[in-house]
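Take a look at the structure set out below.
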Amino acid sequence: MAKFSANLSMMFHEVPFIERFARAADAGFNGIEYLFPYYEPIEKLAKLLKKYQLTQVLFNMPAGNWKAGDRGLACLPGREKEFTDGVYKALKYALALGCKQVHAMAGKLDKQFTLEQQKECYVTNIQLAADIMAEHGINVLIEPINIYDMPDYFLTTQSQAESLLKFVSRKNVFIQLDLYHCQIMEGNLLRTIERLWGKFSHIQIASVPGRHEPDIGEINYFWLFKKLDEMGYRGWIGCEYYPAKCTEAGLGWLVKAQS
């Protein structure tokens, strides 16, 4: 049976971030994820996980100056030190929170550099992050993001991610397979899952279009959940969607998926 983690950056938006841990646990989630933990003290987050018996499934490495438009640093020549510092900061949080997966956002295309220069920078940075994290049994994830939600992002398709895995060549680097982004960019979800089997370690879901609850829109998630179960997927499925209204009011899909 699928294991679902609530994305606290998007869900339970009705209350402040710190209060979302309790809401997620009360709603039946055993795992949580979010974009960034760095705005909160490590000790406070660790206590919340323990109090509500939640697993910290995933979070992102520092992604640069988000307000200024940064969406990651991995592909940006000249910012290697900032990326490395972020790796160690993420490691500190991951160890304290018992988190076994961290996502390294790629960053945006920069016209100052050729695509090959950015690719070379990306591969080198991901290799460095992987080597640091490997010493602690932590996976590094890379995620393609669609060109509409995040224009000019370096990594946009599963095929590109699959190719980059070959260049990175690290056993603890996997794809973060977000089916919302995949459907928008490529579709053919089941065939993609089959092709990438063993190359992804985390799945995320949201409706298309709208990025709301997974029981609406053009993707039949319940059918995919069944297929994943039959195929033997044992990882988490992250609920990275914006509730259409009140979060709890839209969780009928979770009851159905777990029945």
Side-chain angles (χ1 to χ4, degrees), residues 5 7-11 13 17 20 32-42 45 56-97 99-113 115 117-133 138-157 160-161 164 168 170 172-178 180-181 185 201-202 204 206 211 238 240-242:
S5 60
N7 190 302
L8 301 189
S9 295
M10 298 181 177
M11 301 176 70
H13 55 89
F17 178 75
R20 297 176 191 179
I32 56 100
E33 57 190 73
Y34 38 67
L35 294 182
F36 307 106
Y38 313 110
Y39 305 108
E40 302 292 342
I42 294 177
L45 296 175
Q56 181 70 57
V57 175
L58 176 72
F59 60 81
N60 294 340
M61 294 183 191
N65 188 336
W66 194 269
K67 291 183 179 180
D70 285 339
R71 292 297 181 268
L73 302 169
C75 76
L76 299 178
R79 300 182 70 176
E80 290 87 351
K81 184 181 184 303
E82 190 177 351
F83 177 84
T84 302
D85 290 345
V87 173
Y88 282 108
K89 187 172 186 178
L91 175 61
K92 183 179 180 181
Y93 272 80
L95 291 175
L97 302 179
C99 186
K100 294 299 183 180
Q101 301 191 116
V102 292
H103 169 217
M105 294 193 72
K108 292 183 177 180
L109 295 170
D110 189 327
K111 294 180 180 179
Q112 296 181 73
F113 309 103
L115 184 58
Q117 285 175 317
Q118 290 203 254
K119 176 183 173 181
E120 182 178 347
C121 180
Y122 179 84
V123 169
T124 300
N125 277 332
I126 297 299
Q127 288 174 332
L128 178 143
D131 291 343
I132 292 170
M133 294 293 176
I138 298 171
N139 292 334
V140 173
L141 306 190
I142 64 174
E143 179 191 20
I145 297 177
N146 79 74
I147 60 175
Y148 306 101
D149 285 15
M150 203 167 285
D152 299 320
Y153 197 66
F154 172 79
L155 178 55
T156 60
T157 68
Q160 182 188 2
L164 287 167
V168 171
R170 294 296 189 272
N172 65 322
V173 178
F174 294 90
I175 294 172
Q176 182 172 315
L177 180 54
D178 189 314
Y180 163 78
H181 294 304
M185 294 299 294
S201 64
H202 189 64
Q204 291 177 321
R211 205 172 190 178
E240 193 178 51
Y241 67 81
Y242 296 102

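Rounding to the nearest 0.5 angstrom, the gap separating the CD atom in Q101 from the CG atom in L58 is 6.0 Å. To the nearest 0.5 Å, the span separating CD on E33 from CD on Q204 amounts to 5.0 Å. To the nearest 0.5 Å, the span separating CG on N125 from CD on E82 amounts to 11.0 Å. Distance check: H202 NE2 to D178 CG gives 8.5 Å after rounding to the nearest 0.5 Å. Taking CZ from F154 and OH from Y122, the interatomic distance works out to 7.0 Å, rounded to the nearest 0.5 Å. The CE atom of M133 sits 5.0 Å away from atom CG of L91, with the distance rounded to the nearest 0.5 Å.
Using a 4.5 Å heavy-atom threshold, the side chains of D149 and R211 count as touching. With contacts defined as side-chain heavy-atom distances shorter than 4.5 Å, the pair K119/L115 does not qualify. At a threshold of 4.5 Å between non-hydrogen side-chain atoms, the residues Y180 and E240 do not count as touching.
Taking each heavy atom of A90 and Y38 in turn, the nearest pair found is CB-OH, 3.5 Å. Closest of all the heavy-atom pairs between C121 and C75 is SG-C, 3.9 Å. When all heavy atoms are compared, the tightest approach of S5 to G238 is OG-CA, 3.3 Å. The two residues A74 and I126 have their closest heavy-atom pair at CB-CD1, 4.2 Å. Between I42 and L97, the closest heavy-atom pair is O-CD2, 4.0 Å. Across V140 and A104, no two heavy atoms sit closer than the pair CG1-CB, 4.2 Å.
Applying the side chain to side chain contact (heavy atoms under 4.5 Å, CB included) criterion to S9, with sequence neighbours excluded, gives N7, Y34, L35. Legend: residues meeting salt bridge (Lys or Arg N to Asp or Glu O under 4.0 Å) with R170, ordered by chain and number and at least two apart, are D131.
Pairs passing the ring pair (Phe, Tyr, Trp, His ring centres under 6.0 Å) check and including a residue from residues 65-88, sequence neighbours excluded, read F36-W66.
In this structure a side-chain-to-backbone donor-acceptor pair under 3.5 Å is present from N172 to A130. For Q118 (side chain) and K108 (main-chain N/O), a donor-acceptor pair under 3.5 Å exists by modelled atom type.
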Report task. Mind running side chain to side chain contact (heavy atoms under 4.5 Å, CB included) on M61 and L73 for me, showing each step along the way? Result -> CA-CA 9 Å; M61 294 183 191; L73 302 169; over 6 Å; no
Query raised in the report: Going through the checks in order, is the salt bridge (Lys or Arg N to Asp or Glu O under 4.0 Å) test met by R79 and D70?
Result: CA-CA 12 Å; R79 300 182 70 176; D70 285 339; 2.9 Å; yes
Report task. Let me see the working for M150 and M105 under side chain to side chain contact (heavy atoms under 4.5 Å, CB included), right down to the final yes or no. Result -> CA-CA 12 Å; M150 203 167 285; M105 294 193 72; 4.1 Å; yes
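Sparse packing is recorded around CD of E120, with 12 or fewer heavy atoms of other residues, nucleotides or ligands lying under 6.0 Å away.
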